[in-house]
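Data first, discussion second: the structure below is written as structure tokens.
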Amino acid sequence: MTMPPPEPTLPLPLDHGHLQKLVTADLVRPDHLLGAHPMTESGVEGVRFAVWAPNAQHVSVVGDFNGWNGFLHPMERLDFGFWGAFVPGALQGQRYKFRVTGVGGQTVDKSDPYGTFFEVRPATASIIWQRSFEWTDGAWLSQRSQGFDRPVSIYECHVGSWARRDDGWFLNYRDLAHRLGEYLTYMGYTHAELLGVMEHPFDGSWGYQVTGYYAPTSRLGSPEDFKYLVNHLHGLGIGVILDWVPGHFPTDEFALAHFDGAPLYEYADPRKGYHFDWNTYIFDYGRSEVVMFLIGSALRWLQDFHIDGLRVDAVASMLYLDFSRTEWVPNVHGGRENLEAIAFLKRLNEVAHHMAPGCMVIAEESTSFPGITTPTPQGLGFDYKWAMGWMNDSLAYFAKDPLYRKYDHHKLTFFNVYRTSENYVLAISHDEVVHLKKPMILKHPGDWYAQRADYRAFLALMWTTPGKKLLFMGQDFAQTTEWNHDAPLPWHLADHPDHRGVMNLVRRLNTLYRERPDWHAGDTREEGMAWISADDTDHSVYAYARRDPRPPAEGGGAWSLVVANLTPSYREGYRIGVPQGGTYRVVLSTDDGEYGGFGTQQPDLSAEGEGLHSQAHSLTLNLPPSSVLVLEPVAAAPVTELRGAVTITPELAREARHSAQAVQVERAQHAGEPNAQLDLIASVPPARTAEAPAEELLSEGRPSPGGSAAPSGEEPTGPQEPR
């Protein structure tokens, strides 16, 4: 096969100055310095190879160009523990590895940490690869600013098992682009979060044990094929988020583990450097070369592949030195926080937002660690955090027999107590539908009809609760089997009316979420939601208002009423307080026949003058079993006329700690009090040991695809939208 000409490249010189920039954390694209770069040297075409291996006794580059003979192309030891070699005649598409003789004398063939393409597993060689690609998504990149008042509905998709070819092999990225793009457009999602993209040796890791931090997996095609996927989705108006794993890496001998015969990318002390639960190594965030390796990886995806966001995996395991371990090493203050990881995450978010304008960085963080989405330097600087507490409480509530839900009534109201403490994504991810946890539809009690009705109610509550949305593939058509990474989704189920009904509901929810500002403009603001009735535990009924908190002069003021009946009992003539009189209309009923329900009809939807729930008027509704109703006034009142359900004094708050409104009052009373962890975060500078102007951070002429660099001398900053 004739190879196309390589993409023109400008690799940075392997001189003292550039190597020093890497070791002092001033070179954010180290892949422009290290790895394999086709180039011409003294009029001779070939490939320059460079690698970091400070403890190695000897390093050579072996590959198809020299018959894998380690004596033909020894590498020269450079400053600061780097090695380099130019191989005349080496060609695009040829395989290679670094043959490293470590500090103990053992010789191992290592894949390139900065490799941009790899053999298909189980083979592990890196491939010389640099091709051009014609992007057509400039308009998308220029407008993709992720303001927190925008709708974000994410479809989490494992690229290897969403669909397969007829022979059982993976789809090519280009085929996936069209099929996935058509589905996402039909369903109304705003973003796709792709997992299993970065190169990994074991399918069963789902892509979370990465060996190629700079390369899309070759299972589905070439890097240009993956760029085609991103470019195509952008053309459809769909953003692309990738799962990214800077917290740990696998112990495979051919990859990063003990790269030069000793701990290098990992902490040397196993009490800091080894995850016993996952059998993986933990990155040494105290080494500038490691920090820059990770930040360079993030920028590789954000800049070179035009990715719109990164979901950072397992952040809690990075933040805490005692995460899932009994023996651990305290920090210099005697605490459990990993100060080096905190510095790395702050630097990551500063650089990512500076060099890829409009991108989002999402933390999968499962603890109450403060300041996750607070801008740096006071916080870590993420845009969003997964709402793990909301997920756990909600799933625990819906798993209950409805007869006993009244005893856990406030599991569904508690999120409102802290929902504005961070910017949240309400995530129902792959983790919830594997390892005998059951698919979402089967987590609900009762017979098949009851399960579907209950699940539809759950979905409607999820989409009408403040926070951005994420749903794992298959759960939007009520998949009845656990996710299997080795098989495609059971798409035949989507043709069955029962499953199609759930799909129709998710599609409708996405449409409403995108089109109704009262459902998304206040996602991160306290004014975005107000409880109307939160304490009807005996009937398991909830009512709240979603609202657009912007002033009417700016297009705000829209609001809607959400009423949930979460038992299988039909409630006729149930009264709910509303803040204004007049006629109301049904925006959504999960009991509609289109979604698989009975189609319960409502009485005259005219608000009465008799007030209820601290509101001036009231509506009388028929509440179908296990359902959610959304209504809106035909003539909406200004948002300022909406008020909370009840005014609670501090005394009443102490007497009713389990009331959603009462806990919210208590929280407000303690706002602004000193927080030791927040003070600690603010005191940790970003991971950087020397100052450098922003133009140097651009790695000599490699601009970001989303916009121009800051003027020389400006420091990277976080996103400009108000938090």
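For this chain, numbers begin at 1 and follow the sequence in order.
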Requested in this report: May I ask you to check whether Asn565 and Ser627 show a side-chain donor-acceptor distance below 3.5 Å?
Outcome: no

Query - Arg419-Asn416 side chain donor-acceptor pair, cut-off 3.5 Å - result: yes

Query raised in the report: Which is it for Glu364 and Lys385 under the salt bridge (charged side-chain N to carboxylate O under 4.0 Å, His left out) test, yes or no, and what are the steps along the way?
Result: CA-CA 6 Å; Glu364 189 244 347; Lys385 168 181 172 173; over 6 Å; no

Requested in this report: Answer whether the closest heavy-atom distance between the side chains of Arg144 and Cys359 falls below 4.5 Å.
Outcome: yes

Query raised in the report: Under 4.5 Å between any side-chain heavy atoms of Leu380 and Thr376, yes or no?
Result: no

Query - Modelled atom types, side-chain donor and acceptor of His409 and Tyr397, under 3.5 Å - result: no

Requested in this report: Decide, yes or no, whether a salt bridge links Arg547 with Asp518 under the criterion of side-chain N to carboxylate O below 4.0 Å.
Outcome: no

Query raised in the report: More than 12 heavy atoms of other residues, nucleotides or ligands under 6.0 Å from CD of Glu482: is that the case?
Result: yes

Query raised in the report: Hey, is the main chain of Gly371 close enough, under 3.5 Å, to the side chain of Glu422 for a donor-acceptor pair?
Result: yes

Query raised in the report: Any chance the side chains of His234 and Asp308 put a donor and an acceptor closer than 3.5 Å?
Result: yes

Report task. Answer yes if the side chains of Tyr584 and Ser606 hold a donor-acceptor pair under 3.5 Å, and no otherwise. Result -> no

Query - Minimum side-chain heavy-atom gap Ile428-Met391 below 4.5 Å - result: yes

Query raised in the report: Between His410 and Asp535, does any side-chain donor sit less than 3.5 Å from a side-chain acceptor?
Result: yes

Query raised in the report: So, Arg546 and Asp523, do they make that salt bridge, N to O below 4.0 Å?
Result: yes

Query raised in the report: Taking C-beta and beyond as the side chain, do Tyr155 and Phe472 meet within less than 4.5 Å on heavy atoms?
Result: no

Query - Tyr320 ring center within less than 6.0 Å of Phe369 ring center - result: yes

Query raised in the report: Do the rings of Tyr513 and His520 sit parallel, tilted or perpendicular, given the 30° and 60° boundaries?
Result: perpendicular

Query raised in the report: Would you say the side chain of Ile362 lies within less than 4.5 Å of the side chain of Ile241, judging by non-hydrogen atoms?
Result: yes

Query - Pair listing, salt bridge (Lys or Arg N to Asp or Glu O under 4.0 Å) test, anchored in residues 595-622, at least two apart - result: Arg575-Glu610

Query raised in the report: Does a donor on one side chain sit under 3.5 Å from an acceptor on the other, for Tyr183 and Asp476?
Result: yes

Query - Close aromatic pair by centroid cut-off 6.0 Å: Trp531 and His613 - result: no

**Report entry** Residue pairs passing the ring-ring contact (aromatic ring centres under 6.0 Å, His included) test where at least one lies in residues 587-608, sequence neighbours excluded
**Finding:** Tyr449-Phe598

Report task. Working to the nearest 0.5 Å, report the span between CD1 of Ile441 and CZ of Arg456. Result -> 8.0 Å

Requested in this report: With ring-ring contact (aromatic ring centres under 6.0 Å, His included) as the test, would you mind laying out the steps for Tyr455 and Phe398 before giving the verdict?
Outcome: CA-CA 8 Å; Tyr455 183 43; Phe398 276 94; 9.1 Å; no

Query raised in the report: How about His430 and Glu156: does a side-chain donor come under 3.5 Å of a side-chain acceptor?
Result: yes

Report task. Indicate yes or no: at least one non-hydrogen side-chain atom of Lys469 is less than 4.5 angstrom from one of Ile154. Result -> no

**Report entry** CD/Gln601: more than 12 non-hydrogen atoms of other groups inside 6.0 Å
**Finding:** no

Query raised in the report: Hey, are Arg508 and Glu594 close enough for a salt bridge, meaning a charged N less than 4.0 Å from a carboxylate O?
Result: no

Query raised in the report: How many angstroms lie between CG in Leu566 and CG in Asp454, if you round to the nearest 0.5 Å?
Result: 7.0 Å

Query raised in the report: Less than 6.0 Å separating the ring centroids of Phe414 and Trp390?
Result: no

Report summary line: Only one of Asp383, Val425, Leu426 passes side chain to side chain contact (heavy atoms under 4.5 Å, CB included) with Lys468, and that residue is Val425

Report task. Could you check Trp448 against His499 for ring-ring contact (aromatic ring centres under 6.0 Å, His included), going step by step and ending with a plain yes or no? Result -> CA-CA 11 Å; Trp448 176 236; His499 297 270; 5.4 Å; yes

Query raised in the report: Below 4.5 Å, heavy atoms only, C-beta onward: do Pro579 and His617 meet side chain to side chain?
Result: no

Query raised in the report: Judged by modelled atom types alone, do Thr600 and Asn622 share a side-chain donor-acceptor pair under 3.5 Å?
Result: no

Query raised in the report: Near Lys443 NZ, under 6.0 Å, is it more than 12 heavy atoms from other residues, nucleotides or ligands?
Result: yes

Query raised in the report: Should Leu621 and Ile576 count as side-chain neighbours, where that means a heavy-atom distance under 4.5 Å?
Result: yes

Report task. Test Tyr418 against Ser368 for side chain to side chain donor-acceptor pair (under 3.5 Å), laying out the working first. Result -> CA-CA 10 Å; Tyr418 62 89; Ser368 59; over 6 Å; no

Query raised in the report: Are Trp559 and Trp519 close enough that their ring centers fall under 6.0 Å?
Result: no

Query raised in the report: When rounded to the nearest 0.5 angstrom, what distance separates CG in Leu588 from CZ in Arg516?
Result: 10.0 Å

